[in-house]
There are 2 protein chains.
Amino acid sequence: MENRKSILNCALQLFYQKGYDAVGVQEIVEKAGVTKPTLYYYFGSKRGLLEKLLQEHFGKMEEKLVRASAYDAGIPEILYRLARAFFDGATADPEFYLMILSLFYSGRQSEGFQIVYPMVKRYYRIYVEVFARASEELGNMHGRQEQFAIGFSGILDHHLMHAATNRDDLSKLHISDEETRSIVKQFMYGIYS
Amino acid sequence: MENRKSILNCALQLFYQKGYDAVGVQEIVEKAGVTKPTLYYYFGSKRGLLEKLLQEHFGKMEEKLVRASAYDAGIPEILYRLARAFFDGATADPEFYLMILSLFYSGRQSEGFQIVYPMVKRYYRIYVEVFARASEELGNMHGRQEQFAIGFSGILDHHLMHAATNRDDLSKLHISDEETRSIVKQFMYGIYS
DNA sequence: CAGCCTGTATACCGATTGGTATAATTGCTA
DNA sequence: TAGCAATTATACCAATCGGTATACAGGCTG
């Protein structure tokens, strides 16, 4: 059972660094110190490995976002909590979330996109619901909840990407509370505030 | 010289659909109706093919953005022009820009990221300069021009991605003027406006 | 007609791809 | 201690990877 974990960890690191398609099964098992049949015993295929890898990391982030999206405060507070939860979750497990992003932006017909798309959609729905519920506070949304959700997640993803670029030590990746507040403030009140 | 063009076009389509690493040289030349030595005669390597491909498409988008960023109007107008130029450029050449995005979000150590990063940086700089120049209008930026640029480009990228998802015919990809104005308005004045 | 440069095809290279048949090892249970 | 199930290694598979040596066309110039 320890080999299984080692394979998952090594695969995550390699997929993040080089991309899913560019990493061979051989490379993974060598880094993990096992042999191929061990990998195929646990995961069945390279695709199965990716699926299990995503499943095991997906839940934590979703749970954080769901908890942050609770409708027990005003929009400013909820959006701040969401951004904070997102940055916390992403910086606690940076390789995973950056891999998610790379898979989400990869070719539509690629294995990676097909596997990751339903997951990203679930994150996205959380945002949409937050804005939909906020119609009391924001007035009739006229369908703009989707536009807001796209914009909000786009900003968060982009800031995360930017923070990760040119940083070789991902473990020190962090987005400060001050920056988070500034980002959310800009989203809510615009650039003139 | 016609084979050269055919190779470039087929490579772009395949790279967009499946991702750079998942597409073999053999697949490209078969689709283009040529043989491998022809590809290597023109481009030297698979990497060389990607570089030439990016170079031939990069200029048009950059030119549009630079023209739109001219400092001859207020921020609202400039940002609208930028968004319009971005969506026009991206929907006129959707495979190219979506491929750029996929390469930009791919693993840091991947060939694709290394090649595309300097180009994306040049787009990004255009946004940064726009916000930096706008300090008269927006007051002291305190370095927030980078935050604005990240947010703005993140929103545009995300909206483009979203518009392209679940659309099999990319040629009909379009983002309306109304939507563009709404997106820019939200960015400038927030969600309460 | 000889020579040359551009462009293209046949056929090949070693290395690596994802994946597996088989057997051995392990610890647990009957 | 015999046997069973879980786990792992050796050694292999056909197919594909990126890339190339060689030859041969075609047009152009001497």
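In what follows, every chain begins at residue 1, and chains take the letters A, B, ... in the order their sequences are listed.
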Given the ring of B:Tyr80, does B:Arg181 sit roughly above its face, with NZ or CZ under 6.0 Å from the centre of the six-membered ring and within 45° of the axis?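 Checked: cation-pi criterion met.
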I need the [atom1]-[atom2] distance between [X] and [N], as an integer number of Å.
X       : N      : atom1 : atom2 : answer
B:Tyr20 : D:dC17 : OH    : P     : 13 Å
B:Asp21 : D:dC17 : CG    : P     : 12 Å
B:Arg47 : D:dG19 : CZ    : C1'   : 16 Å
B:Lys46 : D:dT20 : NZ    : C1'   : 17 Å
A:Tyr40 : D:dT10 : OH    : C1'   : 17 Å

Check step by step if salt bridge (charged side-chain N to carboxylate O under 4.0 Å, His left out) holds for B:Glu27 and B:Lys18. CA-CA 11 Å; B:Glu27 197 177 351; B:Lys18 306 187 175 185; 2.5 Å; yes
Hey, is the side chain of B:Lys36 pairing donor to acceptor with the base of D:dG19 inside 3.5 Å? yes
Between A:Gly44 and A:Gln26, which is nearer to the 5' end of DNA chain C once each is assigned its nearest nucleotide? A:Gln26
Pair B:Glu129 + B:Arg133: basic N to acidic O under 4.0 Å: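 Looking at B:Arg133 together with B:Glu129, the answer is no, because their closest N to O distance does not fall below 4.0 Å.
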With a 4.0 angstrom cut-off to heavy atoms of chain B, pull out the first and last contacting nucleotide of DNA chain C, in 5'-to-3' order. C:dT6 to C:dT10
For B:Glu63, check side chain to side chain contact (heavy atoms under 4.5 Å, CB included) against everything at least two apart and list the hits.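 With neighbours one apart ignored, the set is B:Arg67.
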Non-neighbouring partners of B:Ala73 that pass side chain to side chain contact (heavy atoms under 4.5 Å, CB included), sequence neighbours left out: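 If we apply the side chain to side chain contact (heavy atoms under 4.5 Å, CB included) test to B:Ala73, skipping adjacent residues, the hits are B:Glu77, B:Ile78, B:Arg81.
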Could you list, one pair per line, each protein nitrogen or oxygen that sits under 3.5 Å from a nitrogen or oxygen of nucleotides 5-9 of chain D, together with the distance?
residue	atom	partner	partner atom	Å
D:dT7	OP2	A:Tyr41	OH	2.5
D:dT8	OP1	A:Asn3	ND2	2.5
D:dT8	OP2	A:Tyr42	OH	2.8
D:dA9	OP2	A:Thr35	N	3.4
D:dA9	OP2	A:Thr35	OG1	2.9
D:dA9	OP2	A:Thr38	OG1	3.3

Just call it for A:Val23: base, sugar-phosphate, or nothing, with non-hydrogen atoms closer than 4.0 Å on any strand. sugar-phosphate
Could you list the donor-acceptor pairs under 3.5 angstrom formed by side chains in residues 87-96 of chain B, with sequence neighbours left out?
residue	atom	partner	partner atom	Å
B:Asp88	OD1	B:Arg84	NE	3.3
B:Asp88	OD1	B:Arg84	NH2	3.1
B:Thr91	OG1	B:Phe87	O	2.6
B:Thr91	OG1	B:Asp88	O	3.3

Members sharing B:Tyr124's hydrophobic cluster (side chains within less than 4.5 Å): B:Val128, B:Ile150
Distance from A:Leu65 atom CG to A:Ile126 atom CD1, nearest 0.5 Å? 5.0 Å
Which residue, B:Phe58, B:Tyr117, B:Phe152, forms the ring pair (Phe, Tyr, Trp, His ring centres under 6.0 Å) with B:Tyr123?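 The single option meeting the ring pair (Phe, Tyr, Trp, His ring centres under 6.0 Å) with B:Tyr123 is B:Phe58.
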